[in-house]
Chemist: 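First the structure, which I've put down as structure tokens, then a few questions once you've had a look.
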Amino acid sequence: MKRLALSVLAVSMACCVMAQSVEYQAFIYTSDELSEEIQRETDALGQRSIFGDMLGATTNALSGMATGYITSFVDLGINAIGSLITRKARQKAEWEETVQKENVYETTIRTVSNVNDFYEHTSTAGAMDPKGMKFDGIGCLRMDGQDTVFYISCHIDRSKLYRIVNHSKFQLVLDTLIISPERSNLPNSELDIPFSFKERRNFNLTMNIKLISSWMNEIVQLQKDVTLGEFSISVPVDTAILDGNGFLRYVRPEGEPSAFSVIGESFIVPRSYMPYRDANDEFHNSWGTGEYKLEIGLKETCDITDYLRENWKDDRKRREKLQPSESLLTRGWQMVTTQKWDEITKSWVITTLKAPAGVLTNEMLEKMGLPLPVSSQAGAAQQGMQQQQVMPKK
């Protein structure tokens, strides 16, 4: 029940954006009970505890984590698919090349900065001491207006906690899944062409997750951006498994295996070596709270149906009528990302917004709670000074 409540809270946090923009929110879940569950697993296996005493003066690793971050604006260049549709499809081969390129949509979601709270406290036991482990899984959300059109949540697989104790590795299990092919990013085109199972088939969503970490070991060797593990999820969606509204909705029954597999595993994050001297000037070994970052790749794919291929001439005429303006085709894309700690859900929230140039207006950034670009701030200040200068004297 706790995980479902967290999912509902996560869904409610999404904000509305303009239709031509695409916004994803990724979540890094944390748990206060996971460490105790790992300890019970250790006791059940009858092994000597690998957990050491904690530093008495250690501060909570979550303190001061309410800071937000924003990336610089990135020009993603001219939409390659958009440039293709400016060519009139005089032959079927050209038409099929264009349509096949529309059958793929990809995006990448990354943490803006390193996350420093894989464990709640520092340790005196060693670099791989899992005591105080807080990382508990990953989620991702996409809204279309007020509707949730994509949502996935994966947590640490509680049935395999022994792998943390025996091998310093963990696995994920898929708990919740919502997919709407008809509200997906396909066809990936500048044209206003809706997804239709009459024209497209074999819709598939894949998600690839990388856990990356950097740390310093006892002999002062820096391990930089090491991939600790990878997870992959592949969900083929057929009309037979959709509800009456065209949605795939799945919630894993508690204690049961998931209907959708998460392939892969990851090492727990190594702690950096950070020795200290106490008040009596005695030297002690200690290790940090674990620094890591995530990279999530999302991909939607589909195929052309025989019906669409047989009626390619009619589709070509439809495309000619929907031809966008030249200014729309030559417009670049921009992407902005934020990363914030949410105290209510006890999770990190990484928001990635991708939109055509000009859509990321100052008003939209303000609604998302993001700082304005430096140039915009300077322009607003200059405008304010000009208004003061033209005001009549009393």
Chemist: To check you understand the geometry: which heavy-atom pair defines the closest contact between Leu34 and Met133, and what is its length?
Modeler: CB-O, 3.9 Å

Chemist: Has the side chain of Asn188 got a donor or acceptor atom that lies under 3.5 Å from a matching backbone atom of Val104?
Modeler: yes

Chemist: May I ask you to check whether Phe170 and Phe231 place their ring centers less than 6.0 Å from one another?
Modeler: yes

Chemist: Classify the ring geometry of Phe195 against Phe197: parallel below 30°, tilted from 30° to 60°, perpendicular beyond 60°.
Modeler: perpendicular

Chemist: Would you say Tyr151's side chain and Arg249's backbone share a donor-acceptor pair under 3.5 angstrom?
Modeler: no

Chemist: Please check this pair: side chain of Ser153 against backbone of Gly139, looking for a donor-acceptor N/O pair closer than 3.5 Å.
Modeler: no

Chemist: Starting at OH of Tyr24, measure out to NZ of Lys354 and round the result to the nearest 0.5 Å.
Modeler: 10.0 Å

Chemist: For the CD atom of Gln25 and the OG1 atom of Thr352, what is their distance to the nearest 0.5 Å?
Modeler: 9.0 Å

Chemist: Determine the minimum heavy-atom distance between Lys293 and Thr111, stating which atoms define it.
Modeler: CB-OG1, 3.0 Å

Chemist: Looking at Asp175, is its backbone amide N or carbonyl O close enough to the side chain of Arg252 to form a donor-acceptor pair, meaning the two atoms are under 3.5 Å apart?
Modeler: no

Chemist: For residues Trp95 and Arg309, report the shortest heavy-atom separation together with the two atoms involved.
Modeler: CH2-CA, 3.9 Å

Chemist: Identify the two heavy atoms, one from Leu205 and one from Ile179, that lie closest to each other, and give their separation to 0.1 Å.
Modeler: CB-CD1, 4.3 Å

Chemist: With distance as the sole test, does Asn311 use its side chain to make a donor-acceptor pair with the main-chain N or O of Asp314 at under 3.5 Å?
Modeler: no

Chemist: Members other than Val149 in its cluster, when Ile, Leu, Val, Met, Phe, Trp, Tyr link by side-chain heavy atoms under 4.5 Å?
Modeler: none

Chemist: Please report the closest heavy-atom contact between Pro275 and Phe283, naming both atoms and the distance.
Modeler: CB-CZ, 3.1 Å

Chemist: Under 4.5 Å between any side-chain heavy atoms of Thr206 and Ser234, yes or no?
Modeler: yes

Chemist: Drop me the distance from Ser272's OG to Asn217's CG, to the nearest 0.5 angstrom.
Modeler: 9.0 Å

Chemist: Does Glu199 pair with Arg318 as a salt bridge, N-O distance under 4.0 Å?
Modeler: yes

Chemist: Check Arg200 with Asp303, please: is the shortest side-chain N to carboxylate O separation under 4.0 Å?
Modeler: no

Chemist: Which atoms form the tightest heavy-atom contact between Ser35 and Pro130, and what is the distance?
Modeler: OG-O, 4.3 Å

Chemist: Is a side-chain donor or acceptor of Tyr292 paired with a backbone partner of Phe118 at a separation under 3.5 angstrom?
Modeler: no

Chemist: Please check if any side-chain donor atom of Gln339 sits under 3.5 Å from a side-chain acceptor atom of Ser113, or the reverse.
Modeler: yes

Chemist: Test your reading of the model: is there a side-chain donor-acceptor pair from Ser213 to the backbone of Glu291, 3.5 Å cut-off?
Modeler: yes

Chemist: Can you classify the ring geometry of Tyr29 versus His155 as parallel (below 30°), tilted (30 to 60°) or perpendicular (above 60°)?
Modeler: parallel

Chemist: Could you give all pairs that pass the salt bridge (Lys or Arg N to Asp or Glu O under 4.0 Å) test and reach residues 259-268, with sequence neighbours left out?
Modeler: Arg163-Glu265, Lys169-Glu265

Chemist: Return the OG1 to CG distance between Thr301 and Asn204, rounded to the nearest 0.5 Å.
Modeler: 4.5 Å

